[in-house]
Amino acid sequence: MKIATWNVNSIRTRKEHVRAFLEEHRPDVLALQEIKVTDDQFPAAFFAEAGYRSTVFGQKTYNGVAFLAREGFHEAADVVRGFPDEGEDAHSRLIAARFGPVVVNIYLPNGSEVGSEKYAYKLDWMQRLREWLDATYGAGEPVVLVGDFNVAPEDRDVHDPEAWRGRVLFSEPEKEALETIRAWGFTDCFRLHHEEAGRFSWWDYRMNQFRRGMGLRIDHIWASRPAAEACADCDIFVEPRRWERPSDHAPVMAELDLGALNGHSQ
DNA sequence: ATGGTCGATTCTCGA
């Protein structure tokens with residue numbers, strides 16, 4: 001099973017890029033973030049032409065997450081949209097579904113600036129995510145948490161750790177909150193296969209940061225123990241960041257060997 | 001300390 005994640009920064013602007021990625025790599029599930037459309041505006045028919053079904057939790061202007069799942073693979077089951085007991089005005093930042101393994105797709109709040117209201121919201125959202133995981137799934141079942149986490153875990157995930165230390169996306173409270181989520185029972189699939197520094201998934205549009213190699217690794221695929229044991233590969237696909245009018249994020253994709261998930265439902 | 005660039009929607013915000 002190939003699971004991919006991509007913050008597309010507007011699905012209307014990026015739908016051709018997404019379709020090109022689908023046609024080249026044929027992931028079984030692609031998790032999208034920052035689609036920036038309501039459900040009725042999502043280009044589901046366009047992706048159906050490429051053989052993909054859409055499951056959407058949209059929002060006008062901001063946020064919005066979705067799954068594209070290959071026809072012939074599992075259909076999305078037990079779909080969850082957002083945390084329970086959120087109001088109608090809640091952000092669309094979490095969608096989860098069972099495709100064999102459970103896939104939880106998050107667009108974690110950016111946090112704006114350390115000490116801001118948005119930063120406090122980010123830390124609170126991270127705590128709610130951990131509590132929701134505790135209440136919803138067991139770490140002994142195959143669960144894959146993917147998306148734009150908006151936190152770089154370690155120095156080797158940041159182009160200039162000294163410059164970034166204490167700043168949003170790399171502050172200590174964010175890293176501690178990330179570790180609390182990880183301690184639910186996740187393993188970083190990328191680090192199972194790549195130890196090197198300087199592998200990034202996001203580069204700011206400003207100041208030619210992509211051309212200058214100034215990025216962060218903030219998009220992740222994390223797997224619970226049985227899913228991590230089945231993880232045969234995980235990599236960042238930088239090429240779409242070079243395309244015309246790119247997203248500021250690159251896709252990340254993992255391969256899970258479902259045959260290794262013996263004792264668990266596919 | 002500031003600003004740089006995108007995208008969606010205005011006469012600016014969020015990233």
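Heavy atoms only: backbone and side chains are in, while hydrogens, waters and symmetry mates are out. Quick caveat: nothing in here was measured; it's all calculated off a predicted structure. Chain letters run A, B, ... following the sequence lines, proteins first and then strands; every chain starts at 1.
dC6(B) sits 16 Å from dT10(B) when the C1' atoms are compared, rounded to a whole Å. Across dC11(B) and dA1(B), the matching C1' atoms stand 27 Å from one another, rounded to whole Å. The gap from the P atom of dT9(B) to that of dT5(B) amounts to 22 Å, rounded to the nearest Å.
Applying the salt bridge (Lys or Arg N to Asp or Glu O under 4.0 Å) criterion to Lys175(A), with sequence neighbours excluded, gives Glu172(A). Take Glu24(A) and apply the salt bridge (Lys or Arg N to Asp or Glu O under 4.0 Å) test, not counting sequence neighbours, and it matches no residue. Taking the side-chain hydrogen bond (donor to acceptor under 3.5 Å, both in side chains) definition, one finds that Asp78(A) meets it with Arg98(A), sequence neighbours left out. Here Asn63(A) pairs with Gln59(A), Arg93(A) under the side-chain hydrogen bond (donor to acceptor under 3.5 Å, both in side chains) rule; sequence neighbours left out.
Residue pairs meeting the salt bridge (Lys or Arg N to Asp or Glu O under 4.0 Å) criterion with at least one member in residues 212-227 of chain A, sequence neighbours excluded: Asp157(A)-Arg217(A), Asp188(A)-Arg217(A), Arg225(A)-Glu229(A).
For the segment residues 37-47 of chain A, the set of residues with a heavy atom within less than 4.0 Å of an atom of DNA chain B is empty.
Counting heavy atoms from C-beta outward, Trp132(A) and Pro84(A) have side chains that approach closer than 4.5 Å.
Grouping Ile, Leu, Val, Met, Phe, Trp and Tyr residues whose side-chain heavy atoms lie under 4.5 Å apart, directly or via other members, leaves Tyr205(A) alone, with no other cluster members. Members clustered with Met253(A): Trp6(A), Val8(A), Ile11(A), Val18(A), Phe21(A), Leu22(A), Leu30(A), Leu32(A), Ile35(A), Val37(A), Phe42(A), Phe46(A), Phe47(A), Tyr52(A), Val56(A), Leu68(A), Phe237(A), Trp243(A), by chain and number, using a 4.5 Å side-chain heavy-atom cutoff among hydrophobic residues.
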For a quick check, with a 4.0 angstrom heavy-atom cut-off, what is the B/S/- contact string for nucleotides 5-15 of chain B, read 5' to 3'?
BSSSS----SB
